[in-house]
Amino acid sequence: MQLRPLTTAGTMLLTVLLFVSGGITHAHNITKILAKHPEYSTFNHYLSLTHLSSEVNRRTTITICAVDNAAMDELLSKHLSINTIKNIISLHVLLDYFGAKKLHQITNGTALAATMFQATGTAPGSAGFVNITDLKGGKVGFGAENNGGTLSAYFVKSVEEIPYNISVIQISKLLPSDVAEAPTPSPSKQNLTAIMSKHGCAVFAETLLKSDAEKTYMDSLDGGLTVFCPLDDAFKAFLPKYKNLTAAGKTALLEYHGVPVYQPLATLKSNNGLLNTLATDGANKYDFTVQNEGEEVTLKTKITTAKITDTLIDEEPLAIYAINKVLLPSELFKGATLSSSPAPAPAPRPDGAADAPAQPKKKGKKAKAAPADSDIEAPADSPDDAADQTPDHNGAVRFDGATSFIVAAAASFLGFLVM
Ligand SMILES: *[C@@H]1O[C@H](CO)[C@@H](O)[C@H](O)[C@H]1NC(C)=O
Ligand SMILES: *[C@@H]1O[C@H](CO)[C@@H](O)[C@H](O)[C@H]1NC(C)=O
Ligand SMILES: *[C@@H]1O[C@H](CO)[C@@H](O)[C@H](O)[C@H]1NC(C)=O
Ligand SMILES: *[C@@H]1O[C@H](CO)[C@@H](O)[C@H](O)[C@H]1NC(C)=O
Ligand SMILES: *[C@@H]1O[C@H](CO)[C@@H](O)[C@H](O)[C@H]1NC(C)=O
Ligand SMILES: *[C@@H]1O[C@H](CO)[C@@H](O)[C@H](O)[C@H]1NC(C)=O
């Protein structure tokens, strides 16, 4: 209690210091941080192998609960699939900053932290939350929230702290979680249309099921596939135009919404540029441009600008995102009005779809899917959510929001240079 004013003052000072130096320093690199500590080399290896490392590097206000090689060997002896290992490790990435000091000063002695497992949208209910509790004698316990309140691991030591960007701590063992350890279906067994239907893209899914394009999708699944499926309102409004297309045109339109490469959101955000689609046959045909607008990812054809509003699934080699508009290729809709404005202006669109709100509306069953940009749902606060709200855990939150915007803008610019 006595430390509280000091902590607040310290936080404010740090925020000012970070702000002043913000333009010069680089973001963290978790692979590099852990490479200095060979006792976590297995954990580090799997963080990279599952691509969680790039997601960690993209974020600030984050805590990695690393375990030593012995604890990882125990996990590996279970011979789980890489996707299952990804779920387990993502449960050990907390979407808040917990340095050693904060761990020992948790308000009310206990807290629930949202994890990256929660952010992937694959964790049902509270399975993506970790309970952190201050115990007697200065011990700090950790437990997966769905594990009946059992605190199964303990804080060992702080490995590296970059306040308030990233804290790497060691905990005594991996947190057991039946949900995270559940086997994930192999990609070729995934039912794409069922996933789409469950998350607000039923009209697109039904249309796909009736088309040859479905086979094209299934055929490229094992090698990597990213699908951008228009939400129901948008695709319903487009149906009259779709029905007007020739059979070949219909297939091309549907194939235009699939990309034969696995593209996690972090990759889409960092590598802006042209993407070929399943409809591409030869150079500069049926492609579109990926471009960041701040923290949002937009897809631009010569006619439409659509926005990613939700991640339905992201498990290598498959990613499915919901988008707010139907992508209209200029190859099929030559006569349509060009929309040159990159901003989501309220002007009428060729596809007749109304502009969707920046954040996906949570209606009915859709509420289960984690929105791509806000990453988590209640009860805990995520750094991204908190960025445009009043910070309630530390003063650095507001700064994080502004900085990630600058970093994202710089990343887009660099992306163009690389092209
Ligand atoms: C924290 O992260 C931001 C954004 O990535 C970066 O600009 C800043 O330099 C980092 N702070 C430190 C102390 O590394
Ligand atoms: C992070 O560090 C590793 C090891 O030093 C390096 O191979 C990797 O390219 C770095 N990643 C980024 C994004 O700089
Ligand atoms: C701490 O406990 C009090 C009383 O139970 C409660 O009102 C308050 O919301 C709690 N604070 C947090 C941060 O959980
Ligand atoms: C965390 O678990 C402990 C007991 O295992 C429980 O007493 C506490 O209420 C839990 N904390 C939260 C925030 O749910
Ligand atoms: C996939 O789900 C759809 C419902 O969206 C169903 O009609 C179809 O039969 C399923 N396909 C397979 C292979 O299970
Ligand atoms: C369908 O095509 C015809 C002939 O090209 C055109 O006149 C009509 O406006 C189109 N209808 C829609 C809904 O696009």
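Keep in mind that this is a model prediction, so the values were computed, not measured. We count ligands from 1, going down the list as the structure has it; atoms in each ligand are counted the same way. Side chains are part of it too, since the values below use all heavy atoms of this structure and drop only hydrogens, waters and symmetry mates.
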(Q) Within 45 degrees of the ring normal and closer than 6.0 Å to the centroid, is that where the cationic atom of K250 sits relative to Y242? (A) yes
Q.
Between Y40 and F43 (judged by ring centroids, cut-off 6.0 Å), do the two rings come close enough to count as a pair?
A. no
Q) Which atoms from ligand 5 have a heavy atom of T193 less than 4.0 Å away? A) 1 (C), 2 (O), 3 (C), 5 (O)
Q.
Does atom CD (E39) have a neighbourhood of more than 12 heavy atoms from anything else shown, all under 6.0 Å?
A. yes
**Q.** Heavy-atom nearest neighbour in the protein, as seen from atom 5 (O) of ligand 2, with distance rounded to 0.1 Å
**A.** K32 CG, 3.6 Å
Q. Identify the closest protein heavy atom to atom 4 (C) of ligand 2: which residue and atom is it, and at what distance?
A. T31 CG2, 4.2 Å
Q | N131 N/O to ligand 4 N/O under 3.5 Å | A | yes
Q: Would you please indicate yes or no on a ring centroid separation below 6.0 angstrom for F142 and H92?
A: no
Q | Verify atom 7 (O) of ligand 4: protein non-hydrogen atom under 4.0 angstrom away | A | no
Q | Protein heavy atom at shortest distance from atom 9 (O) of ligand 5 | A | N191 ND2, 4.8 Å
**Q.** Distance filter under 4.0 Å to T110 heavy atoms, resulting ligand 4 atoms
**A.** 1 (C), 8 (C), 10 (C), 11 (N), 12 (C), 13 (C)
Q | Which residue and heavy atom of the protein sit nearest atom 3 (C) of ligand 2, plus the separation | A | N29 ND2, 3.7 Å
Q) Strictly under 6.0 Å, is that where the ring centroids of F129 and F117 end up? A) no
Q: Might you check, step by step, whether the distance between atom 11 (N) of ligand 5 and some protein heavy atom is under 4.0 Å?
A: yes
Q) For the atom pair CD1 (I30) and CD (E160), what is the distance rounded to the nearest 0.5 Å? A) 8.5 Å
Q) Is the charged tip of K102 near the ring of F98: under 6.0 Å from the six-membered ring centre and within 45° of its axis? A) yes
